[in-house]
Amino acid sequence: MLGSIPDRGLLEQPPQEVAPYLLGKVLVAANLAGRIVEVEAYLGPHNPTPDPAAHAHRGPTPRNAVLFGLAGHAYVYSIYGRYFCMNVSCETEGRAGCVLIRALEPLAGLDQMAANRNLPPGSPLHQLTSGPSRLCQALGIARATHNGLDLISSDSPLQLRDDGFPVREYLVTPRIGIKEAVDWPLRFALPNHPCVSGPKSFSEKISLYRIESRPSIRRTVNPKRIPRT
DNA sequence: ACTCGGATTCTCT
DNA sequence: GAGAATCCGAGTA
């Protein structure tokens with residue numbers, strides 16, 4: 001009902017390729033599920049131009065160890081003392097790289113999500129899972145319980161699934177909330193989706209890509225190139 | 001051992 | 001739009 005488990009090989013690629021691939025996929029945590037509508041790529045330190053905003057950019061540490069392991073595992077970290085964010089590890093083993101899940105469209109367990117967020121039942125969808133820490137709270141994802149879990153396993157309490165939802169185009173913008181590499185176009189989102197977080201417009205830094213045919217830029221105001229990998 | 005700041009969110013004004 | 005809440009991990013010594 002929520003689709004099949006994706007192939008791990010599809011995640012053993014650079015984050016900027018895995019990120020748009022994850023758009024439209026389903027994240028399942030126990031009996032709760034949501035469709036991924038917004039992500040950000042964070043590049044590993046092996047790149048010629050290292051990503052200064054990435055947790056892995058100075059090499060392996062106890063915290064980021066998952067990022068250097070096999071692709072398709074959850075990297076969950078705590079932030080600001082009260083929240084968690086969740087990433088999907090990618091790249092081949094030994095190389096770091098990940099995709100931050102920034103927003104979901106709730107699909108299953110909406111009342112439970114609202115309860116987890118201390119919101120009343122029937123709250124608007126975008127209040128449940130729009131934002132990287134909001135979605136972790138809604139799905140009950142925490143570092144102690146979910147960091148390092150394999151997302152590509154039908155036994156896992158945290159899974160990635162592909163239900164065939166078609167994504168024909170997606171927005172590309174700079175990433176949110178970082179202080180380094182602020183212009184790199186590594187945030188990806190479904191256009192006009194109500195559950196996407198962040199500012200409504202990035203004015204001068206948005207591109208709209210179409211999938212199929214080769215990715216072609218329909219509208220580009222001031223795109224900067226992703227550092228070569 | 002000690003300092004510093006964060007891939008955020010919520011609550012005000 | 002600004003400020004608080006709040007603590008763990010990374011970097012420096």
Side-chain angles (χ1 to χ4, degrees), chain A residues 14-16 18-20 22-23 27 34 36-45 47 49-69 73-91 96-104 106 113-120 123-148 151 158 171-189 194-203 205 224 226-227:
Chain A
Q16 66 272 27
V18 176
L22 289 178
L23 289 176
L27 184 65
I36 297 170
V37 298
E38 178 188 355
V39 296
E40 283 176 359
Y42 287 87
L43 313 185
N47 289 281
T49 307
D51 178 358
H55 285 181
H57 91 281
R58 292 176 197 270
T61 68
R63 175 174 68 152
N64 66 24
V66 173
L67 297 180
F68 292 84
H73 287 69
Y75 168 54
V76 182
Y77 67 91
S78 63
I79 187 167
Y80 297 113
R82 41 169 55 179
Y83 299 116
F84 295 101
C85 295
M86 190 216 129
N87 300 253
V88 177
S89 72
C90 47
E91 294 275 15
C98 64
V99 176
L100 171 71
I101 311 299
R102 285 199 57 92
L104 304 174
M113 291 185 192
N116 289 347
R117 295 254 307 121
N118 300 311
L119 294 170
S123 293
L125 296 186
H126 71 270
Q127 289 185 17
L128 297 180
T129 52
S130 176
S133 296
R134 285 175 167 180
L135 72 89
C136 285
Q137 191 175 29
L139 269 58
I141 296 170
R143 174 170 158 81
T145 50
H146 292 76
N147 187 51
L151 300 165
L158 190 58
L171 295 177
V172 183
T173 82
R175 296 172 292 186
I176 292 178
I178 54 170
K179 299 210 166 139
E180 306 281 343
V182 294
D183 289 335
W184 294 14
L186 292 175
R187 174 173 173 264
F188 306 83
C195 293
V196 168
S197 76
K200 295 182 174 92
S201 92
F202 276 71
S203 55
K205 289 169 184 163
K224 296 202 176 173
I226 298 172

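Sequence lines set the chain letters: A, B, ... in the order given, protein chains first and strands last, and positions in each chain run from 1.
A 4.0 Å heavy-atom criterion places the boundary nucleotides of DNA chain B facing chain A at B:dG6 to B:dC10, written 5' to 3'.
A:Leu100 CG to A:Met86 CE: the interatomic distance, rounded to the nearest 0.5 Å, is 9.0 Å. Note that SG of A:Cys136 and CG of A:Leu104 are 8.5 Å apart. Values are rounded to the nearest 0.5 Å.
Remark: A:Pro45 pairs with A:Ala56, A:Phe68, A:Ala96 by the side-chain contact (heavy atoms from CB on, under 4.5 Å) rule, at least two apart or across chains. By the side-chain contact (heavy atoms from CB on, under 4.5 Å) test, A:Thr61 is found to be paired with A:Arg63, A:Asn64, residues two or more places apart in sequence or in another chain being considered. With sequence neighbours left out, A:Asn147 forms a side-chain contact (heavy atoms from CB on, under 4.5 Å) with A:Val66, A:Tyr75, A:Val76, A:Arg143. Partners of A:Ala181 by side-chain contact (heavy atoms from CB on, under 4.5 Å), not counting sequence neighbours, listed by chain and number: A:Asp51, A:Pro52, A:Arg175, A:Trp184.
Between A:Asn116 and A:Leu139, every side-chain heavy-atom pair lies at or beyond the 4.5 Å cut-off. In this structure, A:Pro106 and A:Leu125 have side chains that are in contact, with non-hydrogen atoms separated by less than 4.5 Å. At least one side-chain heavy atom of A:Leu43 sits under 4.5 Å from a side-chain heavy atom of A:Leu186. When side chains are defined from C-beta on, A:Tyr42 counts as touching A:Ile178, because their heavy atoms get closer than 4.5 Å.
Residues in residues 128-139 of chain A take part in these side chain to side chain donor-acceptor pair (under 3.5 Å) pairs, two or more places apart or across chains: A:Arg117-A:Gln137. Residue pairs satisfying the side chain to side chain donor-acceptor pair (under 3.5 Å) criterion with at least one member in residues 82-91 of chain A, sequence neighbours excluded, are listed as follows: A:His46-A:Glu91.
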- Message: Between A:Leu27 and A:Ile141, is the side-chain contact (heavy atoms from CB on, under 4.5 Å) condition met? List the steps.
- Response: CA-CA 11 Å; A:Leu27 184 65; A:Ile141 296 170; 4.3 Å; yes
- Message: side-chain contact (heavy atoms from CB on, under 4.5 Å) for A:Leu135 and A:Glu38? Distances and angles first, verdict last.
- Response: CA-CA 11 Å; A:Leu135 72 89; A:Glu38 178 188 355; over 6 Å; no
- Nucleic acid footprint by protein, nucleotides 7-13 of chain C - heavy-atom cut-off 4.0 Å, B for base, S for sugar-phosphate alone: BSSSS--
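For the pair A:Glu40 (side chain) and A:Arg102 (backbone), a donor-acceptor distance under 3.5 Å is absent.
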- Here DNA chain C, pairs taken as Watson-Crick or G-U under 3.5 Å and shown with ( ), [ ] when crossing and | when to another strand, reads |||||.||||||.
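If you take atom C1' in B:dG5 and the same atom in C:dG3, they sit 16 Å apart, rounded to whole Å.
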Report each atom pair, protein N/O against N/O of nucleotides 1-3 of chain C, whose distance is under 3.5 angstrom.
none

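Near DNA chain C, meaning a heavy atom under 4.0 Å away, there are no residues from residues 127-138 of chain A.
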